[in-house]
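All values below come from the heavy atoms of this structure, side chains included, with hydrogens, waters and symmetry mates left out. One is the number of the first residue; the rest follow in order along the sequence.
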Amino acid sequence: MNADVRCPGSLAELWPLLEDGFAVMAGGTDLLARRGAPGRVACLERIAGLQGIREEEGLLRMGACETHSRLLRHPLTASGLPVLARALSVLGSPLVRNMGTIGGNIVTASPAGDTLPPLYALDAVVELASRQGTRRVPLDGFILGPGRTALGEGEIVSAVLARIPAAGEVQHFEKVGRRKALAISVVSLAAVLRLDGSGTVASARLALGSVGPTVLRCPRAEAMLTGRRLDRETLLAVGETLREEISPIDDLRATAAYRRTVAGNLPLRLAV
């Protein structure tokens, strides 16, 4: 079958294509791998409204078609969201980072998606656009399960917005794979912690990838961290709580027992 590929230059040109049944593609690294070459595709990369990285009322707004490479190089990402920058730096190969987009990573909704734990830990919000206008939903309410989202008919992800943590907040991302590079995560952890002047945790946000059907926030472990210092005793206790909060599975990349063990060990990296 010959592919019918369109490249609309504006949202106004895109809406009729969606109504005509075209599949949306923004980067395509996951879409092409899963479905081969779709017959009718509307590529989003030429739509200017889906590009751009800028600060907006204390949030960093990232256009859905920004590639992982552009986000990684942008000074606002590096300075404001190092937890996301770290995840982007270990996402796939340079070719995948040059082609893949933040919007595509979100819509793919893989629990192993490298950008997702940082965005969960940053309480990110997804902006959705349709012919009727725009709406915003929390990322943890948008992703419903592996490959499932709350995207409505005729809607696309137009941007993701993340709170820029205050200076001095601890941001950390780490993933464990089957090899050091180019590996899908077996377990990943993103942490955003606010400390008071004495080094005590005033607030904590933890998100784990690849240990459940979606990225998981860990409220019991977050509560355990709050009010305590980042010492080994505390972090060992937090690790035990994380193990109790997750529900990993066995698959080709790791056993559930291995994932549970590693997930509980990762908080030790936060020790100061």
Participant: Donor-acceptor pair, Q51 side chain versus E45 backbone, under 3.5 Å?
Facilitator: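 Judged by distance alone, yes, a pair lies under 3.5 Å.
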
Participant: Which pair of non-hydrogen atoms, one from T226 and one from S203, has the smallest distance, and what is that distance?
Facilitator: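 Minimum heavy-atom separation between T226 and S203: OG1-CA, 4.3 Å.
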
Participant: Can a donor-acceptor pair be found, under 3.5 Å and without considering hydrogens, that links the side chain of T77 to the backbone of L71?
Facilitator: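 Between the backbone of L71 and the side chain of T77 there is a qualifying donor-acceptor contact (under 3.5 Å).
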
Participant: Closer than 3.5 angstrom, by distance alone: can the side chain of E169 be matched with the main-chain N or O of A166 as a donor-acceptor pair?
Facilitator: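 Yes; judged by distance alone, with no hydrogens or angles, the pair exists.
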
Participant: To the nearest 0.5 Å, how far apart are CG in L18 and CD in E153?
Facilitator: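 Rounded to the nearest 0.5 Å, the CG-CD separation comes to 9.5 Å.
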
Participant: When E222 is tested against each of L206, V238, L193, T241 for side chain to side chain contact (heavy atoms under 4.5 Å, CB included), which residue passes?
Facilitator: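 Of the listed residues L206, V238, L193, T241, the side chain to side chain contact (heavy atoms under 4.5 Å, CB included) partner of E222 is L206.
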
Participant: Quick one: closest heavy-atom pair of A64 and T101, and the distance?
Facilitator: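 Smallest interatomic distance, heavy atoms only, reads O-CB, 3.4 Å.
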
Participant: Measure the CG-CD1 distance between L81 and I164 for me, rounded to the nearest 0.5 Å.
Facilitator: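 Going from CG on L81 over to CD1 on I164, the span is 6.0 Å.
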
Participant: Output, in order, the C-alpha distance, side-chain angles, deciding distance and verdict of side chain to side chain contact (heavy atoms under 4.5 Å, CB included) for E127 and R61.
Facilitator: CA-CA 10 Å; E127 182 184 88; R61 178 191 174 87; 2.9 Å; yes

Participant: Kindly work out whether a path of hydrophobic side-chain contacts (I/L/V/M/F/W/Y, heavy atoms less than 4.5 Å apart) joins L116 to I249.
Facilitator: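 Result: no, two separate clusters.
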
Participant: State, with a plain yes or no, whether a side-chain heavy atom of L14 is found less than 4.5 Å away from one of R131.
Facilitator: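 No, too far: nothing below the 4.5 Å cut-off.
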
Participant: Hey, is the main chain of I246 close enough, under 3.5 Å, to the side chain of R260 for a donor-acceptor pair?
Facilitator: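 Checked: pair present.
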
Participant: Does the T234 side chain pair with the main chain of L230, one donor and one acceptor, at a distance under 3.5 Å?
Facilitator: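 No: the side chain of T234 does not pair with the backbone of L230.
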
Participant: Begin from the C-alpha positions of L151 and V157 and carry the test side chain to side chain contact (heavy atoms under 4.5 Å, CB included) through to its verdict.
Facilitator: CA-CA 8 Å; L151 200 64; V157 171; 4.2 Å; yes

Participant: Nearest 0.5 angstrom please: I156 CD1 to L11 CG, how far?
Facilitator: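 Answer rounded to 0.5 Å: 5.5 Å.
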
Participant: Any link between L91 and L84 through a network of hydrophobic side chains (Ile, Leu, Val, Met, Phe, Trp, Tyr) touching at under 4.5 Å?
Facilitator: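 Different clusters: L91 never reaches L84 through Ile, Leu, Val, Met, Phe, Trp or Tyr contacts under 4.5 Å.
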
Participant: Tell me the closest heavy-atom pair linking P165 and L122, and the distance in Å.
Facilitator: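 Closest approach of P165 to L122: CG-CD2, 3.7 Å.
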
Participant: Start with the C-alpha gap between T115 and L88, add the side-chain angles, then the distance that decides, and say whether side chain to side chain contact (heavy atoms under 4.5 Å, CB included) holds.
Facilitator: CA-CA 7 Å; T115 67; L88 291 165; 3.7 Å; yes

Participant: Evaluate R229 against D231 for salt bridge (charged side-chain N to carboxylate O under 4.0 Å, His left out), listing each step before the verdict.
Facilitator: CA-CA 6 Å; R229 299 176 69 85; D231 54 38; 5.8 Å; no

Participant: When you compare the side chain of E244 with that of C218, does any pair of heavy atoms fall below 4.5 Å?
Facilitator: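 No, too far: nothing below the 4.5 Å cut-off.
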
Participant: Drop me the distance from L216's CG to D140's CG, to the nearest 0.5 angstrom.
Facilitator: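 L216 CG to D140 CG: 10.5 Å, rounded to 0.5 Å.
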
Participant: Can you check whether S130 reaches L128 side chain to side chain, under 4.5 Å on heavy atoms?
Facilitator: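 A side-chain contact is absent here, since even the closest heavy-atom pair is not under 4.5 Å.
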
Participant: When L139 is tested against each of V160, V126, L161, V215 for side chain to side chain contact (heavy atoms under 4.5 Å, CB included), which residue passes?
Facilitator: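 So, applying the side chain to side chain contact (heavy atoms under 4.5 Å, CB included) to L139 and each of V160, V126, L161, V215, only V126 qualifies.
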
Participant: For atom CZ of R46, is the number of surrounding heavy atoms from other residues, nucleotides or ligands below 6.0 Å larger than 12?
Facilitator: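 No - once you tally the heavy atoms of other residues, nucleotides and ligands closer than 6.0 Å, there are 12 at most.
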
Participant: For residues N105 and H68, determine if any side-chain heavy atom of one lies less than 4.5 Å from a side-chain heavy atom of the other.
Facilitator: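 A side-chain contact under 4.5 Å exists here.
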
Participant: According to a hydrophobic-cluster definition based on side-chain heavy atoms being under 4.5 Å apart (Ile, Leu, Val, Met, Phe, Trp, Tyr only), do L144 and L208 belong together?
Facilitator: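 No, because L144 and L208 fall into different hydrophobic clusters, even though each may have its own neighbours under 4.5 Å.
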
Participant: Would a 4.5 Å heavy-atom cut-off, applied to side chains only, mark M99 and T67 as touching?
Facilitator: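 The answer is no; the side chains never approach within 4.5 Å.
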
Participant: Tell me if a side-chain donor or acceptor on E66 pairs with a main-chain N or O of G52 at a distance below 3.5 Å.
Facilitator: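 At least one qualifying donor-acceptor pair exists.
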
Participant: Between S110 and T108, does any side-chain donor sit less than 3.5 Å from a side-chain acceptor?
Facilitator: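 No, no side-chain donor-acceptor contact under 3.5 Å.
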
Participant: Please answer: with hydrophobic residues joined when any side-chain heavy atoms are less than 4.5 Å apart, are V137 and V125 in the same cluster?
Facilitator: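 No, it is not one cluster - the side chains of V137 and V125 are not joined through contacts under 4.5 Å.
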
Participant: Is it the case that the side chain of R259 and the backbone of G212 share a donor-acceptor pair, with hydrogens and angles ignored and the cut-off at 3.5 Å?
Facilitator: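 Judged by distance alone, no pair lies under 3.5 Å.
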
Participant: Does the S69 side chain pair with the main chain of R97, one donor and one acceptor, at a distance under 3.5 Å?
Facilitator: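 Yes: the side chain of S69 pairs with the backbone of R97.
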
Participant: Which heavy atom in V83 sits nearest to a heavy atom in F173, and how many Å separate them?
Facilitator: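 The answer is O-CB, 3.5 Å.
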
Participant: Nearest 0.5 angstrom please: R6 CZ to D20 CG, how far?
Facilitator: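 One finds 7.5 Å between CZ of R6 and CG of D20.
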
Participant: Are the side chain of E13 and the backbone N or O of C7 linked by a donor-acceptor pair below 3.5 Å?
Facilitator: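 Not confirmed, E13 side chain does not pair with C7 backbone.
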
Participant: Taking all non-hydrogen atoms of both residues, which atom of S210 and which atom of R253 are closest, and how far apart?
Facilitator: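 In terms of heavy atoms, the two residues are closest at OG-NH1, 4.2 Å.
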
Participant: Counting heavy atoms not belonging to R269, are there more than 12 under 6.0 Å from its CZ?
Facilitator: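 No, not enclosed.
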
Participant: Using a cut-off of 6.0 Å, state whether more than 12 heavy atoms not belonging to E233 lie near its atom CD.
Facilitator: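 Not more than 12 within 6.0 Å, no.
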
Participant: Okay, side chain of R205, backbone of Y120: is any donor-acceptor separation there less than 3.5 Å?
Facilitator: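 Side chain of R205 to backbone of Y120, a donor-acceptor pair under 3.5 Å: no, none is there.
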
Participant: Among K175, E174, H172, whose side chain to side chain contact (heavy atoms under 4.5 Å, CB included) with L266 holds?
Facilitator: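 Only match with L266 under side chain to side chain contact (heavy atoms under 4.5 Å, CB included): E174.
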
Participant: Is there side-chain contact between D123 and P138, with heavy atoms separated by less than 4.5 Å?
Facilitator: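 No, too far: nothing below the 4.5 Å cut-off.
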
Participant: Are V262 and V186 co-members of a hydrophobic cluster defined by side-chain heavy atoms under 4.5 Å apart?
Facilitator: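 Yes.
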
Participant: Taking atom CG of L60 and atom CG of L76, what is their separation to the nearest 0.5 Å?
Facilitator: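 Reported value, rounded in 0.5 Å steps: 5.5 Å.
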
Participant: What pair of heavy atoms forms the shortest contact from P8 to C43, and how long is it?
Facilitator: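 In this case the closest contact between P8 and C43 is CD-O, 3.3 Å.
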
